[in-house]
2 protein chains.
Amino acid sequence: MAESMTANKVQEGKINRCRTMDLIRTRPGVSRIEAAEALGLNRSTLTHIVNDLLASGFVAEEQLPSASGRGGRRPIGLKLTPFYLLGIEWQSRFIRITLCTLSGEAVYHKQVDTVSYGRSEFIRVVKEHIEILEKKFGCRICGAGIGLPGRINPHRGIVIESRPLEISSLPLAEELYEALGIPVLIENDANCFAWGEIEERKEFGGNLLCMLLEFHSSPESRNWDQEVGMGIVSRGSVYHGSNYAAGELPAAGGSADGRSLVLRNLKDRSSEEALEYCRTLFSSLEPVISVLDPEILILGGDFSFHRALFEPALKELLSRPWTFSGKGVWEVARGAASFFAKTIFTLPGFNDDALYRGGWEEVLHHKEER
Amino acid sequence: MAESMTANKVQEGKINRCRTMDLIRTRPGVSRIEAAEALGLNRSTLTHIVNDLLASGFVAEEQLPSASGRGGRRPIGLKLTPFYLLGIEWQSRFIRITLCTLSGEAVYHKQVDTVSYGRSEFIRVVKEHIEILEKKFGCRICGAGIGLPGRINPHRGIVIESRPLEISSLPLAEELYEALGIPVLIENDANCFAWGEIEERKEFGGNLLCMLLEFHSSPESRNWDQEVGMGIVSRGSVYHGSNYAAGELPAAGGSADGRSLVLRNLKDRSSEEALEYCRTLFSSLEPVISVLDPEILILGGDFSFHRALFEPALKELLSRPWTFSGKGVWEVARGAASFFAKTIFTLPGFNDDALYRGGWEEVLHHKEER
DNA sequence: CTTTGTTTGTTGATTGTTTCAACAAACAAT
DNA sequence: ATTGTTTGTTGAAACAATCAACAAACAAAG
């Protein structure tokens, strides 16, 4: 996969085409003028670029409901022609699948509970869904973003280590590409959450801290375990650290005094227990939050699923701005789709050996060819 | 200062001129071909760009000692024409001044101990030095980078809050520009340290954690205090957080149990005391380091000044790669110079209201005009 | 219904950057 | 002297972005 790509300088000259596509994707219905202002380009530059994109078929015009204000020519809205992709959360006990547009709208949700940890079952389930969904929605799916627990190298598509899924040192993206027949990007689950929030919360400047509380079934004990993963957003992009281990706590949720933090079976827990749990957790997290100085703390996963349980504790303990994630339990799956979209619509600087560094052109053309 | 600058899109087209200048700065003696490879440009593009730069007088050629290997035309080295700038560390009790080239070599060091906390004394001292140094070295100083403790907004040149220097909410860079007559950039001291390490350690990929231990004289108690500041390097650039408070610990050096961490008068301390101090410090820092996943931890300030005292403790406590800073006590001052150089040789994306967003052309021309 | 003013979008000429391909220069080894 | 190799240059061509003038589309006032 990922053909030769000429040389080093992928397509420096097409940066503004790429930025335009990304803008149209994230703000469907923008006019040429608005786009020009947003991108800092001349009106005529946008006319040229949009003409190219219209001709290539990736962009379409749409009638806008009404004129903007007082007089003047009615602007013409721009939107992507409909492309769909999968956003998937892969945990040891379940798979959550969403079908999304490139703009991030989810048109389909499905959770599948699984019994084995194997990749074969995962592949089978996803393959089935691709077939069903392409029929049901009459579309070609152009790719999939997959969020999974553990240390993931999303640029090369390698799982460095995932204990819940019992995988280590595996070029998973390539394997899935061959098995599924569509481009695949993989990323850590908490980071997927973070990618989703980047797209969701444009009102913020680009420094977020996304905390994901997730149940895992640990292979050794065959028992429920909890893990807190953090997605760090720095300057509008997810921070991976030097070993793709950023956001991981020293001992999973372990406190300094060795007391276990596991809070089994969240249903039927008292708010006192939740408070105690959160107190221990956030006492070791306080310096982290302080040092990272995020604009806002976003809590997802089981934090937001059991929000009634956690809310009083969090209100008491957190001094900085914070909020629950807004997408129910689908943050990771939908975030994985956001990650996929964001990646192919952002030219990856000089990141030579990344997957799909040809950007959206490579991926969307691929869709048509298969 | 900082003239109109036409509009939004400063000079998108001159990115590669800028990148070329930065490369010549950081790798004096590069040939055109090497530069072309490093920047991902065509050979002829570099010929064009270098011709411009030669004509404008900012770059000069130099004879290289010998040919590279087996045959072929001897490459011509490129270097910047000599420009000097000041790198300054401003603490409550002393000022450290260095004179550096734009490539980061320091040609002069001087520490001045001060009695008052006031800006007037600082200005007087620096002004004197500018005069003396320009005579002594027969050069024009083209700017100054200044590192100081507290929360600093380097983009706008504002001190948000500096308790050691008793300053808050002050546009310091502008004030100093008018007082000193040269372009001034200010930045947090730990962050200056980090900027210096970015330039120094090119062997690393861009995720460092720089820890600076510094004495301060706190105005209230008129007593010695210590503070640990962290400079976070993410993807090759210093991370500032959302309120320019990144790298600050909750209560300055305070541990969870409220025990004071202050270790007065580092001379005549035992290694047991140092171990105890470090143990408390790093127990709250462990999650921070783990979550940031840096390639290496770099310890500076009084850590490296009293390295004999701290080394055994650090060897015992730190499991990740770490090292002492290599520049003695001059990390902050020289790092401030690196910060200045790095800033003017890097076109600041779309950071509209930053100082000197005209880049090196604005600053270096300014030097000639005054 | 016409006029005026406003905003959106287009057009063609122009500028500037980058590349390509061919060539010249400089050097080592045979 | 010849050959091969590497560095650097040149002019034509491709391309992207801008500017200024213009056309299109619309609202509101007369």
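Note: hydrogens, waters and symmetry copies are ignored here, and every other heavy atom, side chains too, is used. The chains referred to below are lettered A, B, ... by the order of the sequence lines, with proteins before strands, and numbering in each begins at 1.
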TODO: Determine whether B:L39 and B:N16 make a side-chain contact, defined as any pair of heavy atoms from C-beta on separated by less than 4.5 Å.
DONE: no
- [ ] Using whole Å, report how far CD of B:E61 lies from C1' of D:dT9.
- [x] 12 Å
Task: Under 3.5 Å on both distances, the Watson-Crick or G-U partner of C:dT30 - done: D:dA1
TODO: Look at the rings of A:W360 and A:F345 and say which category their plane angle falls in: under 30° parallel, 30 to 60° tilted, over 60° perpendicular.
DONE: parallel
TODO: Whole angstrom is fine here: how far is it from CG in A:N51 over to C1' in C:dT8?
DONE: 14 Å
Open item on the list: Both B:H48 and B:R43 contact DNA chain C. Taking the nearest nucleotide for each, which residue is further toward the 5' end?
Closed with: B:H48
Task: Closest listed nucleotide, where the reference is the side chain of A:R73 and the choices are C:dG12, C:dT8, D:dT7 - done: C:dT8
- [ ] Round to a whole Å and report the spacing from CG of B:L54 to P of D:dG8.
- [x] 12 Å
- [ ] Would you kindly give the CD1-to-P distance between A:I33 and C:dT6, to the nearest whole Å?
- [x] 16 Å
Task: Phosphate-side-chain proximity, B:S31 and D:dT7, N/O vs OP1/OP2 below 4.0 Å - done: no
Open item on the list: Rounded to whole Å, how long is the line connecting atom CD1 of B:I76 with atom C1' of C:dA26?
Closed with: 10 Å
- [ ] Please lay out, stage by stage, how B:Y356 and B:T343 fare under the test side-chain contact (heavy atoms from CB on, under 4.5 Å).
- [x] CA-CA 8 Å; B:Y356 312 118; B:T343 301; 6.0 Å; no
Open item on the list: Using OP1 and OP2 only, check whether a side-chain N or O of A:N16 sits under 4.0 Å from D:dA16.
Closed with: no
Open item on the list: Please verify the inter-ring angle class for A:H240 with A:H155; under 30° counts as parallel, over 60° as perpendicular, anything in between as tilted.
Closed with: perpendicular
Open item on the list: Looking at B:N42, I'd like to know whether one of its side-chain N or O atoms comes within less than 4.0 Å of OP1 or OP2 on C:dT18.
Closed with: no
Task: Minimum-distance nucleotide to B:S44 side chain [options: D:dT10, D:dT18, D:dT6] - done: D:dT10
- [ ] Under 4.0 Å between any heavy atoms, over every strand shown, what does A:L46 touch: base, sugar-phosphate, or nothing? Just pick one.
- [x] nothing
Open item on the list: Just the rounded figure in Å: distance from C1' of C:dA25 to CD of B:Q63.
Closed with: 14 Å
TODO: Ignoring the backbone of A:R17, work out which of D:dA16, C:dT10, D:dC26 is nearest its side chain.
DONE: D:dA16
Task: Side chain of B:T45 (C-beta onward), nearest among C:dG9, D:dG8, C:dT19 - done: C:dT19
Open item on the list: Could you tell me how far apart B:E34 (CD) and D:dT6 (C1') are, to the nearest whole angstrom?
Closed with: 12 Å
TODO: For B:I49 and C:dG16, give me the distance from atom CD1 to atom P, rounded to whole Å.
DONE: 15 Å
TODO: Would you indicate, yes or no, if C:dT10 has its OP1 or OP2 atom less than 4.0 angstrom from a side-chain nitrogen or oxygen of A:R32?
DONE: yes
Task: Aromatic plane relationship, A:F137 with A:Y108 - under 30° parallel, 30 to 60° tilted, over 60° perpendicular - done: perpendicular
